[in-house]
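The first residue in the sequence is number 1, and the count goes up from there. Please read these numbers as outputs of a predicted model, since none were measured by experiment. One-based numbering, in listed order, for ligands and for the atoms of each.
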Amino acid sequence: MLKYPEGVLFMKDSIDDIKAILALRPKIAVLTGAGISAESGVPTFRGSDGYWKGKSAEDLASMQGFSQDPHGVWEWYNLRRQKLKDIKPNPGHDALVRLEELASSFTLVTQNVDRLHQQAGSGQVLELHGSIWPVRCMDCDYQEDRFQVDLPAEPRCPDCKGWLRPGVVWFGEALPFGIMEKADHAVRMADLFFIIGTSAVVWPAAGLAWTAREAGAKVVEINLEETPATEVAHISLLGKSGEILPQLL
Ligand code: BV8
Ligand code: ZN
């Protein structure tokens with residue numbers, strides 16, 4: 001752990017404190033949610049433009065939701081894939097690529113399935129909830145990472161004609177094997193932990209903020225509003241991540 005310079009007080013919303021820590025080449029871990037992609041035009045899940053507005057999360061992003069109505073669920077995923085096709089990373093994604101250069105070690109953990117971090121140039125990204133682009137068969141081990149291509153309304157496996165599903169983690173499903181251990185380790189080692197653009201209600205992802213705080217990292221939240229994670233943030237910057245993150249560099 002870094003020895004923080006004396007007198008660096010951690011009041012709420014102090015960008016200078018963060019810059020003081022960045023000057024020490026800290027180990028950094030970041031958790032992002034849909035909010036970091038909002039300024040790219042990707043609707044968030046629970047905001048006023050939220051995906052879940054019409055239907056509940058369980059209806060759409062769950063195994064039983066899919067089993068009950070595979071056409072309807074694929075219609076929703078294809079709509080999102082269409083929307084994502086011509087969406088670009090925003091200054092918030094770009095700032096995280098540059099932040100990585102200031103860190104002695106940097107781990108980016110995302111709940112997002114849009115791969116905008118990768119498009120912006122972030123290297124190793126831990127995708128806790130998978131990605132919308134890969135598809136895999138429900139009945140055999142066929143899978144393919146079909147980046148930005150249209151899928152038929154009824155995507156079927158070319159090998160066994162079973163239903164294909166998007167490569168995301170649905171509610172009630174376990175996260176990809178070993179990924180939380182990697183994220184947990186990075187957060188425990190971090191001197192500085194950013195939680196950006198997430199409503200911090202989906203677990204186990206949100207729990208990383210509590211882990212960071214308990215492990216002694218300085219916790220910085222960037223969001224338009226307070227969230228359950230605000231209670232463990234040393235610094236809470238209220239505003240758009242696409243505007244705040246570039247100010248840190
Ligand atoms: C699991 C992929 C067990 C699909 C998603 C009761 C209590 C605690 C937990 C549970 C519970 N009941 C059930 C659970 C478990 C459940 C859960 O947490 N439910 C919640 C809703 C209560 N979790 C699970 O099921 C997880 N799995 O626990 O498995 C297990 C273990 C072993 C074996 C078997 C099973 C799986 C969760 C993954 C679900 N999949 N998505 C898809 O995308 O289609 S979750 C979905 O929500 C997205 O992935 C998204 O990433 C995630 C979180 O949402 P956010 O990213 O935070 O987005 P949101 O819209 O909510 O918020 C946006 C934020 O941005 C807001 O705060 C807003 O203010 C801010 N913002 C907006 N604009 C900006 C901004 N901030 C800055 N700048 C801006 N410009
Ligand atoms: Zn198959």
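- Remark: ligand 1 and Trp203 share an N or O pair separated by less than 3.5 Å (distance only, no angle test).
- Trp170 carries Arg165 over the face of its six-membered ring, with the cationic atom under 6.0 Å from the centre and within 45° of the normal.
- Atoms of ligand 1 found under 4.0 Å from any heavy atom of Gly33, numbered from 1 in the order shown, are 56 (O).
- Centred on the Zn ion (ligand 2), the angle running from Cys137 (SG) to Cys160 (SG) is recorded as 100°, rounding to 10°.
- Between Gln119 and Asp114, the side chains place no donor N or O within less than 3.5 Å of an acceptor N or O (distance only, hydrogens not considered).
- Checking only distances, Gly197 does come within under 3.5 Å of ligand 1, N or O to N or O.
- Residue Pro204 places no N or O, backbone or side chain, under 3.5 Å from any N or O of ligand 1.
- Ligand 1 has no nitrogen or oxygen under 3.5 angstrom from a nitrogen or oxygen of Trp170.
- For ligand 1, the polar-atom distance check finds no N/O of Asn112 at less than 3.5 Å from any of the ligand's N/O atoms.
- Using 4.0 Å as the threshold, Pro166 has no heavy atom nearer than that to any atom of ligand 1.
- Every N/O-N/O distance between Ile222 and ligand 1 stays at or above 3.5 Å.
- The closest approach between Gly172 and ligand 1 falls below 4.0 Å for a heavy atom of the residue.
- If you check the side chains of Thr227 and Glu221, you find a donor sitting under 3.5 Å from an acceptor.
- Between Trp163 and His71, the gap from one ring centroid to the other is short of 6.0 Å.
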